[in-house]
Amino acid sequence: MYQLPALPYGFDALEPHIDARTMEIHHDKHHATYVSKLNDALANHVGLQAKSVDDLLRGFDSVPEEIKGPVRNHGGGHANHSLFWQIMGPDGGGTPSGPLGDALTEAFGSFEAFKEKLTNAAANQFGSGWGWLVVHGGKLDVLALGNQDSPLMQGKTPILGVDVWEHAYYLKYQNRRPDYLAAWWNTIRWDAVEQRFAAAQG
Ligand code: MN
């Protein structure tokens, strides 16, 4: 059975960028529901329950047809939010250094150009979804995906992601998604993203 991971900091840890009430509902209600519904979907699929949620999504093509829908939505939701909590934290923001900083400059021209590209991808995602920084074929790329679709389903490894479902920002920012995105950059724990980048390089 999959379990809701504890938030690695307090609900108010990302204030003023992301408000405590949003964090509480987002983690304790939304993420909890993805986990619960994923478990329901896999109730009769013991072999799949043994996989990590990331491996479940990497192997999405072999998931039985009758549970593909809930695995995509709720498995994706579980994996995406598990990453999201880890790549944010108090005292976040700034810019990455080391190999990731170098790779971002190489792939996008500069850190600022990367930031603009991911911000635009997330801002322009129509309806619910996520903006992603992924590693694919040893290279960095930015993309946006709808709903809870995970880059893992495309064989890509997400190392940074931003949730642009309205539940992620509406209490504080209402319709101002660009304001939420601008604030979100101040929550990023680049050390965590750097670790994911190193792991994705194998
Ligand atoms: Mn969410």
Side-chain angles (χ1 to χ4, degrees), residues 2-36 53-54 74 76-98 100-101 104 111-112 114-125 127-134 142-151 157-200:
Y2 293 97
Q3 292 192 335
L4 178 67
L7 198 65
Y9 36 76
F11 295 127
D12 63 353
L14 306 183
E15 293 269 13
H17 312 297
I18 302 179
D19 62 287
R21 184 70 177 138
T22 294
M23 289 298 293
E24 181 175 5
I25 297 170
H26 201 172
H27 178 270
D28 287 9
K29 303 297 183 189
H30 290 279
H31 190 174
T33 299
Y34 296 125
V35 173
S36 167
V53 68
D54 283 5
H74 304 300
H78 178 30
N80 294 344
H81 289 85
S82 296
L83 177 149
F84 192 48
W85 313 134
Q86 294 289 336
I87 56 88
M88 299 188 294
D91 306 317
T95 56
S97 55
L100 176 59
L104 286 169
F111 176 76
E112 287 306 317
F114 153 68
K115 187 174 172 180
E116 185 177 350
K117 186 165 185 177
L118 178 55
T119 297
N120 287 340
N124 294 328
Q125 166 61 34
S128 297
W130 292 69
W132 294 107
L133 173 65
V134 301
V142 160
L143 57 136
L145 295 174
N147 301 312
Q148 295 296 353
D149 282 3
S150 166
T157 303
I159 62 170
L160 177 67
V162 58
D163 188 344
V164 293
W165 284 58
E166 286 185 344
H167 68 226
Y169 61 87
Y170 210 85
L171 289 181
K172 183 177 175 77
Y173 296 99
Q174 293 84 49
N175 61 313
R176 303 187 309 278
R177 187 188 287 186
D179 291 354
Y180 156 69
L181 289 169
W184 171 75
W185 288 98
N186 297 312
T187 70
I188 298 175
R189 277 185 54 209
W190 285 109
D191 60 326
V193 185
E194 286 161 7
Q195 283 176 16
R196 287 177 181 273
F197 178 63

key: With sequence neighbours excluded, residues passing ring pair (Phe, Tyr, Trp, His ring centres under 6.0 Å) with Tyr170   =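 Residues passing ring pair (Phe, Tyr, Trp, His ring centres under 6.0 Å) with Tyr170: none at all.
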query = For the residue pair His81 and Phe84, does the interplanar ring angle fall in the parallel (under 30°), tilted (30 to 60°) or perpendicular (over 60°) class?
reply =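 Perpendicular, since the angle between the ring planes exceeds 60°.
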task = Check the angle between the aromatic planes of Trp185 and Trp190 and answer parallel, tilted or perpendicular using the 30° and 60° thresholds.
result =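 Trp185 and Trp190: parallel rings.
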Would you find a donor on one side and an acceptor on the other, under 3.5 Å apart, between the side chain of [X] and the backbone of [Y]?
| X | Y | answer |
| --- | --- | --- |
| Asn80 | Gln148 | yes |
| Thr119 | Lys115 | yes |
| His26 | Thr22 | no |

Find the distance between [atom1] ([X]) and [atom2] ([Y]) and round it off to the nearest 0.5 Å.
| X | Y | atom1 | atom2 | result |
| --- | --- | --- | --- | --- |
| Arg196 | Gln86 | CZ | CD | 6.5 Å |
| Tyr173 | Asp19 | OH | CG | 7.5 Å |
| Arg189 | Leu160 | CZ | CG | 12.0 Å |
| Leu83 | Asp163 | CG | CG | 11.0 Å |
| Leu181 | Leu118 | CG | CG | 8.0 Å |
| Thr187 | His17 | OG1 | NE2 | 7.5 Å |

Atom pairs and distances, donor-acceptor, side-chain atoms in residues 3-10, under 3.5 Å, two or more places apart:
from	atom 1	to	atom 2	distance (Å)
Tyr9	OH	Trp85	O	2.8

Is the shortest side-chain heavy-atom distance between [X] and [Y] below 4.5 Å?
| X | Y | answer |
| --- | --- | --- |
| Leu171 | Ile25 | yes |
| Ser36 | His74 | no |
| Val35 | Val53 | no |

task = Run the numbers on Val142 and Leu133 for side chain to side chain contact (heavy atoms under 4.5 Å, CB included), then give the verdict.
result = CA-CA 5 Å; Val142 160; Leu133 173 65; 4.3 Å; yes
query = Do Trp184 and Tyr169 have ring centroids that are under 6.0 Å from one another?
reply =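 No, the ring centres sit 6.0 Å or more apart.
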inquiry  = To check you understand the geometry: which heavy-atom pair defines the closest contact between Leu14 and Pro90, and what is its length?
reply    =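 That would be CD2-N, 3.9 Å.
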task = Kindly check if the number of other-residue, nucleotide or ligand heavy atoms within 6.0 Å of CD (Glu116) is above 12?
result =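 Open: at most 12 neighbouring heavy atoms sit under 6.0 Å from CD of Glu116.
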